Number of protein chains: 2
Amino acid sequence: MATRTASTGRRPSPSGGDELGLVDALAQLSFLVHGILADTAGEFELSVIQTRVLGVLRDRTPTMNELARHLGLDKASISGLIDRAERRGLVQRTVSPTDRRSYQVSMTDTGRALASRVAERFAARIELLVADLAAADRRRLAQLASQLIDRAT
Amino acid sequence: MATRTASTGRRPSPSGGDELGLVDALAQLSFLVHGILADTAGEFELSVIQTRVLGVLRDRTPTMNELARHLGLDKASISGLIDRAERRGLVQRTVSPTDRRSYQVSMTDTGRALASRVAERFAARIELLVADLAAADRRRLAQLASQLIDRAT
DNA sequence: TATTGTTATACTCTATAACTATA
DNA sequence: TATAGTTATAGAGTATAACAATA
């Protein structure tokens with residue numbers, strides 16, 4: 001992923017130490033992290049969305065509908081997503097005991113193990129990315145990012 | 001350090017003031033910004049990748065191959081991408097004067113105008129997101145993000 | 001022969017609309 | 001009737017492999 005501002009596509013001025021505007025910096029950082037995630041997921045033959053599904057299921061057993069709302073996708077899209085994950089043995093559908101139209105989606109042990117490995121590998125690569133930052137800077141960055149996430153929630 | 005993994009979609013506990021670990025904070029921030037971009041692009045019937053293509057073409061006239069390298073995609077994928085953008089009148093292929101196998105891809109005026117509108121709208125939404133941050137925090141965040149981007153380049 | 005780009009093929013991901021089966 | 005989920009269909013985006021034209 002070359003150096004390029006996401007919103008404008010403009011190249012930052014030459015040699016390192018570039019100071020991007022906040023909008024461009026956030027856009028590029030987003031591409032960077034998203035790319036690392038896609039890449040990491042790919043190492044395990046997973047797409048980003050399949051990885052997110054596993055993440056959601058890590059501590060939840062949602063219905064198809066709830067999953068759709070969680071991921072911001074149509075329920076029809078979820079059907080396919082879960083079909084493919086189920087075919088790989090990563091998740092399973094269980095008929096709801098209270099509503100026979102409804103399923104509860106849960107992770108299998110295989111799925112859980114895979115999710116852990118992906119998360120671990122992803123964390124390692126992010127750690128590598130931030131390795132240069134001083135402890136105080138890392139804390140500061142985490143705090144600022146958390147603040148934005150909170151605001152958007 | 002694999003507590004709350006946002007890499008995997010885990011949501012922190014509800015009420016504000018959560019202090020995420022750096023890995024999770026970056027992962028969630030990435031999803032957030034990426035989502036805003038996808039949403040903004042969608043307002044103009046563009047996908048994220050089409051928007052990125054327009055961004056690249058903003059100050060370049062690459063060949064198909066160069067575009068592929070820029071975006072980290074196969075040249076075959078670029079063919080389809082440019083086909084669709086060309087069909088919408090956003091970009092055009094021009095045969096290279098020096099190598100008749102090769103094309104130079106450039107933006108049309110229509111494409112340029114659209115790219116500007118998307119970038120403007122995206123910036124506005126990001127500004128909204130960071131509206132709460134003090135000026136010093138914004139500078140700090142931009143600086144830290146830039147540092148990571150530099151490192152990855 | 002090597003390179004540039006397209007085409008053929010296959011798969012994932014996504015939405016909309018129509019459907020089935022419950023409720 | 002209304003809701004949960006699936007299926008049918010269509011299209012974008014991606015890769016790999018085979019191909020054409022040009023170098």
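In what follows, chains carry the letters A, B, and so on, assigned in the order in which the sequence lines appear, proteins first and then strands, with residues in each chain numbered from 1. Predicted model only: the values in this text are computed from it and were never measured.
Scanning DNA chain D 5' to 3' for nucleotides with an atom closer than 4.0 angstrom to a non-hydrogen atom of chain A gives a first and last hit of D:dA2 to D:dT7.
With rounding to whole Å, A:L46 atom CG is found 12 Å from C:dT12 atom C1'. As rounded to whole Å, 15 Å separates atom C1' of C:dC13 from atom CD1 of B:I49. Remark: C1' of C:dT14 and CE of A:M64 are 14 Å apart, rounded to the nearest angstrom. Distance A:I78 CD1 to C:dT14 P: 8 Å, rounded to the nearest Å. If you measure from atom CG of A:L73 to atom C1' of C:dT16, you get 14 Å, rounded to the nearest angstrom. In this structure, A:Q50 places its CD atom 16 Å from P of C:dC11, rounding to the nearest Å. Summarising the geometry, the separation between CG on A:L67 and C1' on C:dC13 is reported as 14 Å, rounded to the nearest angstrom.
Every side-chain contact (heavy atoms from CB on, under 4.5 Å) that B:A76 has, sequence neighbours left out, goes to B:D74. Residues passing the side-chain contact (heavy atoms from CB on, under 4.5 Å) test with A:A152, sequence neighbours excluded: B:L32, B:L129. Scored by the side-chain hydrogen bond (donor to acceptor under 3.5 Å, both in side chains) test, B:S106 finds B:Q92 as partners (sequence neighbours excluded). B:R125 is linked by a salt bridge (Lys or Arg N to Asp or Glu O under 4.0 Å) to B:D39, B:E43, counting only residues two or more places apart in sequence or in another chain. Applying the side-chain hydrogen bond (donor to acceptor under 3.5 Å, both in side chains) rule to B:R138 yields the partners B:E127; only residues at least two apart in sequence or on another chain are considered.
Listed here is the closest heavy atom pair of B:S47 and B:A41: O-CB, 3.9 Å. Scanning all heavy atoms of the two residues, the minimum distance from A:S146 to B:A25 falls at OG-CB, 4.1 Å. A:R151 approaches B:A131 most closely through the heavy-atom pair NH2-CB, 4.1 Å. Here the closest heavy-atom approach between residue B:Q50 and residue B:A85 is recorded as OE1-CB, 3.5 Å.
In terms of position on DNA chain C, the residue among B:T63 and A:V48 whose nearest nucleotide sits closer to the 5' end is B:T63.
A side chain to side chain donor-acceptor pair (under 3.5 Å) check over residues 108-120 of chain A, counting only residues at least two apart or in different chains, returns the pairs A:R58-A:S116. Annotation: salt bridge (Lys or Arg N to Asp or Glu O under 4.0 Å) contacts involving residues 26-37 of chain B, sequence neighbours excluded, are absent. Sorted by first and then second residue, the salt bridge (Lys or Arg N to Asp or Glu O under 4.0 Å) pairs involving residues 88-106 of chain B (not counting sequence neighbours) are B:D83-B:R93, B:E86-B:R93, B:D99-B:R101.
The side chain of B:N65 places an N or O atom within less than 4.0 Å of a non-bridging phosphate oxygen (OP1 or OP2) of C:dG5. A close approach under 4.0 Å does not occur between any side-chain nitrogen or oxygen of A:S47 and OP1 or OP2 of C:dT12.
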Pairwise N/O distances under 3.5 Å, protein to nucleotides 7-9 of chain C:
none

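Within residues 98-107 of chain B, the residues that have a heavy atom under 4.0 Å from DNA chain D are, in order of number, B:D99, B:R100, B:R101. Contacts between residues 86-97 of chain B and DNA chain C, defined by a heavy-atom separation below 4.0 Å, involve B:R93, listed by number.
Checked by atom type and distance alone, the side chain of A:S30 never pairs as donor or acceptor with a backbone atom of A:L26 at under 3.5 Å.
Cluster membership check: A:L128 does not share its hydrophobic cluster with A:L37, using side-chain heavy-atom separations under 4.5 Å among Ile, Leu, Val, Met, Phe, Trp and Tyr.
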